[in-house]
Amino acid sequence: MKILGIDTSAKTSSVGICDDDKIVGELFLDKGLTHSETILPMIDEILTRNGLTLDDIDALAVNNGPGSFTGIRIGVAVVKGLAFEKNIPCYEVSTLDSIAYNCKDKNGLVVAVMDARRNQVYNANYIVSDGKAEKVIKDRSILIKDLYLEISEYDGDVFVIGDGQDKVKEFFEENNMTQDNFYFPDYYDNLQKGINTALIAYDCLENKKCGEEILPLYLKLSQAEQELRKKRG
């Protein structure tokens, strides 16, 4: 079963194709271009490189949030459009799950974080052991100081990953919150990836939806919406 995974939930763009649980190909772009400029050409390129067309794809998967409000909308819209044209089954994948998948070879607590501004992060926590991850904290928005109070009680290794990693690490250092069991993996492990999205979907084939059922996952209002509510009182 060939699944095309798509991520546009943050700064980078990524697509990947798996055939069952095997990686067929992956493309990743971080050039500061808008997702509306990059994602469709990337899909065309990965299909062409692997001698495939959209007719060869059995399912589509997208990181539907949390993350950038605009980025999430673009990714969801692209999947809806492709699914409608070819009547392809679809899968929603949490962006935080896609990030955590990078650390499936670790053993300990994986703390996936994305920058949510104002000393907050989008976060979910996972216990990872022997190549399997158990999600123990569901997707949420949380203050970094509160996140520290929670994970500081964990006795084993703690891996903080995601595009909010630098923000969390800086906050911990400024407030003397660093611990010997806290680890901050390198750049590539902090990225949400389309191939992870595809592989996660393959592990949860029973969760398929039609394109029109795929929806963005927002954990809080956008900045513009928050400001508008303030003005309205």
Next item on the list: Determine which pairs satisfy ring-ring contact (aromatic ring centres under 6.0 Å, His included) with at least one residue from residues 81-105, sequence neighbours left out, and list them in order.
Entry: none
Next item on the list: Walk me through it: do Ile88 and Leu4 pass the test side-chain contact (heavy atoms from CB on, under 4.5 Å)?
Entry: CA-CA 11 Å; Ile88 305 173; Leu4 171 64; over 6 Å; no
Notebook entry, point to check: When hydrophobic residues are tied together by side-chain contacts of less than 4.5 Å, even through go-betweens, does Tyr154 share a cluster with Leu149?
Noted result: yes
Check: Are any non-hydrogen side-chain atoms of Ile43 and Leu82 less than 4.5 angstrom apart?
Finding: yes
Check: Are Ile23 and Ile17 connected in a single hydrophobic cluster, I mean Ile/Leu/Val/Met/Phe/Trp/Tyr linked by side-chain heavy atoms less than 4.5 Å apart?
Finding: no
Next item on the list: Decide yes or no for Met114 and Thr95: does some side-chain heavy atom of the first lie under 4.5 Å from some side-chain heavy atom of the second?
Entry: yes
Checklist line | Thr38 vs Leu27 side-chain heavy atoms within contact, under 4.5 Å | finding: no
Checklist line | Closest contact, heavy atoms only, Lys208 versus Pro89 | finding: CD-CB, 4.2 Å
Check: Where is the tightest heavy-atom contact between Cys103 and Val128, given as atom of each residue plus distance?
Finding: O-CG1, 3.5 Å
Notebook entry, point to check: Taking all atoms of both residues into account, what is the closest heavy-atom pair of Ile151 and Leu109, and its distance?
Noted result: CG2-CD2, 4.0 Å
Margin query: I want to check something: taking the side chain as every heavy atom from C-beta on, are Val62 and Cys90 in contact at a cut-off of under 4.5 Å?
Written below: no
Item checked: Contacts of type ring pair (Phe, Tyr, Trp, His ring centres under 6.0 Å), residue Tyr183, not counting sequence neighbours -> Phe159
Item checked: All side chain to side chain contact (heavy atoms under 4.5 Å, CB included) counterparts of Asp20, not counting sequence neighbours -> Met1, Tyr202
Next item on the list: Flag yes if more than 12 heavy atoms outside Asp186 fall under 6.0 Å of its CG atom; otherwise flag no.
Entry: no
Notebook entry, point to check: Restricting to pairs with a member in residues 158-176, which pass salt bridge (Lys or Arg N to Asp or Glu O under 4.0 Å), not counting sequence neighbours?
Noted result: Asp115-Lys167
Notebook entry, point to check: Going from CG on Asp146 to CZ on Arg140, what distance comes out if it is rounded to the nearest 0.5 angstrom?
Noted result: 8.5 Å
Note to self: Is there a continuous path of hydrophobic side-chain contacts, each under 4.5 Å between heavy atoms, that joins Val93 to Leu199?
What the structure shows: yes
Note to self: Would Met42 and Leu29 count as a side-chain contact (heavy atoms from CB on, under 4.5 Å) here? Give the steps.
What the structure shows: CA-CA 9 Å; Met42 289 176 70; Leu29 189 63; 3.9 Å; yes
Item checked: Validation row: Ser13, Glu37 side chains within 4.5 angstrom (heavy atoms) -> no
Next item on the list: Nearest 0.5 Å please: distance from the CG atom of Asp7 over to the CD1 atom of Ile39.
Entry: 7.5 Å
Next item on the list: Identify, with sequence neighbours excluded, every residue that meets side-chain hydrogen bond (donor to acceptor under 3.5 Å, both in side chains) alongside Thr197.
Entry: Asn63
Item checked: Exercise: do Ser141 and Gln120 side chains pair donor with acceptor under 3.5 Å -> yes
Notebook entry, point to check: Got a second to check how far Leu96's CG is from Tyr122's OH, nearest 0.5 Å?
Noted result: 10.0 Å
Next item on the list: Kindly work out whether a path of hydrophobic side-chain contacts (I/L/V/M/F/W/Y, heavy atoms less than 4.5 Å apart) joins Leu143 to Ile137.
Entry: no
Check: So, for Ile46 and Val15, which heavy atoms are closest and what is the spacing to 0.1 Å?
Finding: CD1-O, 3.8 Å
Checklist line | Residues which pass side-chain hydrogen bond (donor to acceptor under 3.5 Å, both in side chains) with Asn102, listed by chain and number, not counting sequence neighbours | finding: Lys193, Asn196
Item checked: side-chain hydrogen bond (donor to acceptor under 3.5 Å, both in side chains) partners of Lys209, counting only residues at least two apart -> Glu92
Margin query: Looking at Asp105, I want to see if its CG is surrounded by more than 12 non-hydrogen atoms of other residues, nucleotides or ligands under 6.0 Å.
Written below: yes
Item checked: 4.5 Å side-chain heavy-atom contact, Ile195 and Ser14 -> no
Check: OG1/Thr8 to CD/Gln192 distance, rounded to the nearest 0.5 angstrom?
Finding: 9.5 Å
Check: For Leu60 and Ala83, which heavy atoms make the closest approach, and how far apart are they?
Finding: CD1-N, 3.8 Å
Check: Quick one: does Asn181's side chain have a donor or acceptor within less than 3.5 Å of a partner on Asp157's backbone?
Finding: no
Next item on the list: Would you sort out whether Ile99 and Tyr126 count as a side-chain contact (heavy atoms from CB on, under 4.5 Å), showing the intermediate values?
Entry: CA-CA 11 Å; Ile99 294 170; Tyr126 310 77; over 6 Å; no
Checklist line | For Phe182, ring pair (Phe, Tyr, Trp, His ring centres under 6.0 Å) partners two or more places apart | finding: Phe172
N/O donor-acceptor pairs under 3.5 Å from side chains in residues 69-81, not counting sequence neighbours:
residue: Lys80; atom: NZ; partner: Gly211; partner atom: O; Å: 3.3
residue: Lys80; atom: NZ; partner: Glu212; partner atom: O; Å: 3.1
residue: Lys80; atom: NZ; partner: Ile214; partner atom: O; Å: 2.9

Notebook entry, point to check: Going by distance alone, is a donor N or O of one side chain under 3.5 Å from an acceptor N or O of the other, for Tyr148 and Gln179?
Noted result: yes
Next item on the list: Report the distance from atom CD1 of Ile142 to atom CG of Asp139, rounding to the nearest 0.5 Å.
Entry: 12.5 Å
Notebook entry, point to check: Is there side-chain contact between Val121 and Ile144, with at least one heavy-atom pair below 4.5 Å?
Noted result: yes
Next item on the list: State which residues pass side-chain hydrogen bond (donor to acceptor under 3.5 Å, both in side chains) with Asn125; sequence neighbours excluded, sorted by chain then number.
Entry: Asn123, Glu150
Next item on the list: With sequence neighbours left out, write down each residue that passes side chain to side chain contact (heavy atoms under 4.5 Å, CB included) with Thr48, or none if nothing qualifies.
Entry: none
Note to self: Show me the pairs that pass salt bridge (Lys or Arg N to Asp or Glu O under 4.0 Å) and involve residues 43-67, at least two apart or across chains.
What the structure shows: Glu45-Arg49, Asp55-Lys86
Item checked: ILVMFWY network linking Met177 to Val160, side-chain heavy atoms under 4.5 angstrom -> yes
Note to self: Using side-chain heavy atoms (C-beta onward) and a distance below 4.5 Å, is Lys135 in contact with Ser94?
What the structure shows: yes
